[in-house]
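Positions are given from 1, in the same order as the sequence printed here. As the structure lists them, so they are numbered: ligands from 1, and atoms in each ligand from 1. Because only heavy atoms are used, hydrogens play no part in the values below, and waters and symmetry mates are left out as well, while side chains stay in.
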Amino acid sequence: MTKKIGFIGAGNMAEAMIKGIIDTGLYTSDEIIASEVYAPRRKYIAEKLGIEVHEGNEVLAKSTKFIVLSVKPQQIEEVLAGIKGHLKKDHLIMSIAAGVTLATLESYAPLCKIIRVMPNQPCMVLASASAFSRGTKATSEDCSTVENVLKAVGICYEVKESLLDAVTGVSGSGPAYAYMMIEALSDGGVLMGLSRDVATKLAAQTLLGAAKTILETGEHPGKMKDIVCSPGGTTIEAVKVLEDLGLRSALINAVEAAALKSAEMGKK
Ligand SMILES: NC(=O)C1=CN([C@@H]2O[C@H](COP(=O)(O)OP(=O)(O)OC[C@H]3O[C@@H](n4cnc5c(N)ncnc54)[C@H](O)[C@@H]3O)[C@@H](O)[C@H]2O)C=CC1
Ligand SMILES: O=C(O)[C@@H]1CCC=N1
């Protein structure tokens, strides 16, 4: 057991998390191992992040006690079946797969301690929002191990497993909604004559600034919205358009749709 952490599946999320963990100094690149079936991806990750990347998952299971399952939900069963013989009771498995329940994970790896996490993609810039639930064998120390990783790359909360679907709808899938908003705001800026580059940077910084304001002041978003809306001014004209077109209900329905999909995936 020479490595501190191992990622099975070196895709987008694994890359984002590993980059965040290295950048923040929690683990060094030589303390991290990954396994990945796709050869060009192995080469890319090894070169970009300077970590050991293997084709098979067995080496990884033998090299570390802390395994992150970062493959797609549909691949979890096959991956765990493939390394079952190497999984011992001191292995801690952190799954980030959407919709795969603790009960399902525990049925695939009955000896192991398991924690189910819903992170989000901005872990690569140390600004992720995650939540986790512990399985029946996971100890408080295991939760701390997982929290150390999640807190190194952002904020995290422990929640009841039944709430992880809601977390998926808000923050797991949420970056996609925010990227769409940035893209659309930028389109609006271009429509009104700004260059694409300036419009995108202004839009992104505006979402970042609004988010920082809520997190740092703890103020209600509605109160801050009111402060921006001058009586008879420009913003309230735009707010009326957004209300007429249903921005709020579109977002509420989007969160519900993603959460329901996550719950549906958990029933399989
Ligand atoms: N993309 C996102 O923003 C988020 C994704 N998640 C969850 O994270 C997990 C990974 O998602 P992504 O990184 O987006 O997917 P991805 O498709 O980019 O990464 C999965 C990687 O696993 C590799 N792989 C497939 N089978 C394998 C096997 N048997 N052994 C080793 N490697 C194998 C694939 O080649 C691929 O590189 C999913 O379960 C998803 O539900 C959770 C939160 C956010
Ligand atoms: O779309 C998905 O299924 C994954 C889980 C949350 C974000 N991406």
* Out of curiosity, I18 CD1 to F7 CZ, how far, rounded to the nearest 0.5 Å? ->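 Rounded to the nearest 0.5 Å, the CD1-CZ separation comes to 4.5 Å.
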* First locate atom CG of L60, then atom CD1 of I5, and finally report the distance between them rounded to the nearest 0.5 Å. =>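 Rounded to the nearest 0.5 Å, the CG-CD1 separation comes out at 10.0 Å.
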* **Derivation and outcome, side-chain hydrogen bond (donor to acceptor under 3.5 Å, both in side chains), residues S186 and R196** => CA-CA 7 Å; S186 173; R196 174 62 69 186; 2.8 Å; yes
* Quick one: do D30 and T28 satisfy side-chain hydrogen bond (donor to acceptor under 3.5 Å, both in side chains)? Show the steps, please. => CA-CA 5 Å; D30 56 6; T28 58; 2.6 Å; yes
* To do: Verify the neighbour count for atom OH of Y157: are there more than 12 heavy atoms of other residues, nucleotides or ligands below 6.0 Å?
  =>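 At most 12 heavy atoms, drawn from other residues, nucleotides or ligands, come within 6.0 Å of this atom.
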* Asked: Would the number of heavy atoms belonging to other residues, nucleotides or ligands and lying under 6.0 Å from NZ of K3 be above 12?
  ->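 Check passes, neighbour count above 12.
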* Which atoms of ligand 2 have any heavy atom of A98 under 4.0 Å away? ->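 Listed by number with element, the hits are 5 (C).
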* To do: Number the atoms of ligand 2 from 1 as they appear, then name those within less than 4.0 Å of a heavy atom of G172, with their elements.
  =>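 Selected atoms, number and element: 6 (C), 7 (C).
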* Got a protein heavy atom sitting under 4.0 Å from atom 2 (C) of ligand 2? ->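 Answer no: nothing from the protein, no heavy atom, is under 4.0 Å.
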* To do: State whether any protein heavy atom lies less than 4.0 Å from atom 6 (C) of ligand 2.
  =>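 At least one protein heavy atom is under 4.0 Å away.
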What short N/O contacts, under 3.5 Å, does ligand 1 make with the protein, listed by atom pair and distance?
residue  : atom   : partner : partner atom : Å
ligand 1 : 13 (O) : N12     : N            : 3.2
ligand 1 : 13 (O) : M13     : N            : 2.7
ligand 1 : 14 (O) : K72     : NZ           : 3.4
ligand 1 : 15 (O) : K72     : NZ           : 3.2
ligand 1 : 18 (O) : N12     : N            : 2.9
ligand 1 : 18 (O) : N12     : ND2          : 3.2
ligand 1 : 30 (N) : N57     : ND2          : 3.3
ligand 1 : 35 (O) : E36     : OE2          : 2.5
ligand 1 : 37 (O) : E36     : OE1          : 2.7
ligand 1 : 37 (O) : E36     : OE2          : 3.2
ligand 1 : 39 (O) : V71     : O            : 2.6
ligand 1 : 41 (O) : A98     : N            : 3.0

* Per the salt bridge (charged side-chain N to carboxylate O under 4.0 Å, His left out) rule, which among E15, E36, E47 passes with R41? ->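 The single option meeting the salt bridge (charged side-chain N to carboxylate O under 4.0 Å, His left out) with R41 is E15.
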* Hey, does I93 have a side-chain heavy atom less than 4.5 Å from the side chain of L80? ->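 The answer is yes, as the side chains (C-beta and beyond) meet within the 4.5 Å cut-off.
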